[in-house]
Peer 1: 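This is the structure I have questions about; it appears just below.
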Amino acid sequence: MRRIGITGGIGSGKSVVSHLLRVMGYPVYDTDTEAKRLMNASPELKRQIAEAFGSDIYAQGTLDRALLASRVFGNPERIARLNSIVHPAVRLDFDRWASALNTPLCFVESAILYDSGFDQLVDDVWVVTAPEALRIKRVGDRSGLAPDEVRRRMAAQLSDSEIQQRASHIIRNDGNTSLIGKVLSLLRRQE
């Protein structure tokens, strides 16, 4: 089975591409959603997170995401510690999920595909891109974040040029190019 990673910066349209693929019947593993699930469902992951960030991080057995965020964000060492706990668990979960599929092709969506090591688990990487102004508008429209806050979050991610250099294929999601046509074209190449 071929495994394809879908990545791109905030507001680029990764989730739109993933949604299109799901509608077309392809299995897509969303690392953000699955990480959240695992951080609440996996006893081993819960134990490691509680040991690293305090037993009060799980209020009545559920991860207090706001409390965790307050303890890690802005602190590179703590972020690295959290990532060293969560990323391997999500990679293992993806590998199990993909191995159980009976399909020639599956996808994994991850904003941090390279940072998390998921690029080592896929055969190709599709990078979704969009102009910066459009990305800022999209993120602001969906989350209410101010443009400066969106730019700050964009600056914390790998740049588009860094991501594109590693890409197998680039999907322009600029509102002018046919996104469905590009996805269909890339799917035909996988057959």
Side-chain angles (χ1 to χ4, degrees), residues 1-19 21-22 25-128 139 142-143 153-159 162-163 166-168:
M1 170 194 340
R2 292 189 56 74
R3 299 174 179 193
I4 298 173
I6 301 168
T7 194
I10 186 172
S12 63
K14 296 176 300 296
S15 296
V16 173
V17 171
S18 293
H19 179 73
L21 290 164
R22 283 187 190 97
Y26 293 95
V28 181
Y29 184 95
D30 179 344
T31 59
D32 285 347
T33 300
E34 297 305 324
K36 290 173 187 170
R37 177 186 61 80
L38 289 168
M39 289 192 298
N40 278 306
S42 166
E44 178 60 19
L45 203 53
K46 288 171 77 169
R47 181 190 63 74
Q48 290 180 41
I49 292 169
E51 284 178 4
F53 302 103
S55 59
D56 60 334
I57 211 82
Y58 282 94
Q60 300 170 348
T62 302
L63 180 65
D64 184 335
R65 296 182 57 77
L67 181 59
L68 179 61
S70 74
R71 291 185 181 165
V72 301
F73 291 114
N75 185 318
E77 294 84 20
R78 289 184 183 165
I79 292 171
R81 177 70 180 122
L82 179 61
N83 290 343
S84 74
I85 295 168
V86 176
H87 291 174
V90 177
R91 284 192 310 267
L92 180 61
D93 190 65
F94 165 72
D95 199 42
R96 288 179 183 153
W97 173 85
S99 295
L101 295 173
N102 186 21
T103 180
L105 193 59
C106 74
F107 296 85
V108 56
E109 175 190 342
S110 177
I112 55 171
L113 188 87
Y114 297 107
D115 300 334
S116 64
F118 263 95
D119 60 313
Q120 303 299 312
L121 300 178
V122 297
D123 301 298
D124 288 314
V125 176
W126 295 2
V127 173
V128 184
V139 175
R142 76 173 179 229
S143 66
R153 292 183 182 199
M154 290 169 72
Q157 296 181 330
L158 289 175
S159 72
E162 290 174 296
I163 294 173
R166 300 178 182 181
S168 306

Peer 1: To the nearest 0.5 Å, tell me how far Leu82 CG sits from Phe53 CZ.
Peer 2: 4.5 Å

Peer 1: Quick one: CD1 on Ile79 to CZ on Arg81, what's the gap to the nearest 0.5 Å?
Peer 2: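 Reported to 0.5 Å precision, the distance equals 14.0 Å.
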
Peer 1: Would you say that more than 12 heavy atoms from the other residues, nucleotides or ligands in this model lie under 6.0 Å from the CZ of Arg91, or not?
Peer 2: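 For Arg91, atom CZ is crowded (more than 12 foreign heavy atoms under 6.0 Å).
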
Peer 1: List the atom of Ala35, the atom of Val86, and the distance in Å for their closest heavy-atom pair.
Peer 2: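 Here Ala35 and Val86 meet closest at CB-CG1, 4.1 Å.
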
Peer 1: Is the shortest side-chain N to carboxylate O distance from Asp95 to Arg3 below 4.0 Å?
Peer 2: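 Between Arg3 and Asp95 there is a salt bridge, with a charged N closer than 4.0 Å to a carboxylate O.
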
Peer 1: For Leu63, is there any backbone N or O sitting under 3.5 Å from a side-chain donor or acceptor partner on Asn40?
Peer 2: yes

Peer 1: Verify salt bridge (charged side-chain N to carboxylate O under 4.0 Å, His left out) between Glu51 and Arg47, making sure each step is shown before the conclusion.
Peer 2: CA-CA 6 Å; Glu51 284 178 4; Arg47 181 190 63 74; 2.7 Å; yes

Peer 1: To the nearest 0.5 Å, what is the distance between OG on Ser70 and CG on Asp64?
Peer 2: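 The distance works out to 7.5 Å.
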
Peer 1: With a 4.5 Å cut-off on side-chain heavy atoms, are Glu109 and Leu21 touching?
Peer 2: no

Peer 1: How about CZ on Arg2, more than 12 heavy atoms from neighbouring residues, nucleotides or ligands closer than 6.0 Å, or not?
Peer 2: yes

Peer 1: Go through Phe94 and Glu34 one step at a time and tell me if the side-chain contact (heavy atoms from CB on, under 4.5 Å) criterion holds.
Peer 2: CA-CA 9 Å; Phe94 165 72; Glu34 297 305 324; over 6 Å; no

Peer 1: Looking at side-chain heavy atoms only, is the closest gap between Thr103 and Pro27 below 4.5 Å?
Peer 2: yes

Peer 1: To check you understand the geometry: which heavy-atom pair defines the closest contact between Cys106 and Met1, and what is its length?
Peer 2: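 For Cys106 and Met1, the tightest heavy-atom pair comes out as SG-SD, 3.3 Å.
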
Peer 1: Can you confirm whether Val127 sits close enough to Thr7 that some side-chain heavy atom of one is under 4.5 Å from a side-chain heavy atom of the other?
Peer 2: yes

Peer 1: Set out, in order, the CA-CA distance, both residues' side-chain angles and the distance that settles salt bridge (charged side-chain N to carboxylate O under 4.0 Å, His left out) for Asp56 and Arg71, then state yes or no.
Peer 2: CA-CA 12 Å; Asp56 60 334; Arg71 291 185 181 165; 2.7 Å; yes

Peer 1: What is the minimum heavy-atom distance between Ile6 and Ser18, and which atoms define it?
Peer 2: CD1-OG, 3.8 Å

Peer 1: Quick one: does Lys14's side chain have a donor or acceptor within less than 3.5 Å of a partner on Gly9's backbone?
Peer 2: yes

Peer 1: Nearest 0.5 angstrom please: Met39 CE to Ile49 CD1, how far?
Peer 2: 5.5 Å

Peer 1: Rounded at 0.5 Å granularity, tell me how far CG in Leu38 sits from CD1 in Ile85.
Peer 2: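 Separation between the atoms: 13.5 Å.
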
Peer 1: Compare all side-chain heavy atoms of Val108 with those of Leu121 and state whether any distance is below 4.5 angstrom.
Peer 2: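 When only atoms from C-beta onward are counted, Leu121 and Val108 do not touch, as no gap falls below 4.5 Å.
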
Peer 1: Atom CG of Asp30 and atom OG of Ser110: how far apart are they, to the nearest 0.5 Å?
Peer 2: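 Here the rounded value is 8.5 Å.
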
Peer 1: How are the rings of Tyr26 and Phe107 set relative to one another: parallel (under 30°), tilted (30 to 60°) or perpendicular (over 60°)?
Peer 2: perpendicular

Peer 1: Under the side-chain contact (heavy atoms from CB on, under 4.5 Å) criterion, do Val128 and Val16 qualify, and how do the steps go?
Peer 2: CA-CA 10 Å; Val128 184; Val16 173; over 6 Å; no

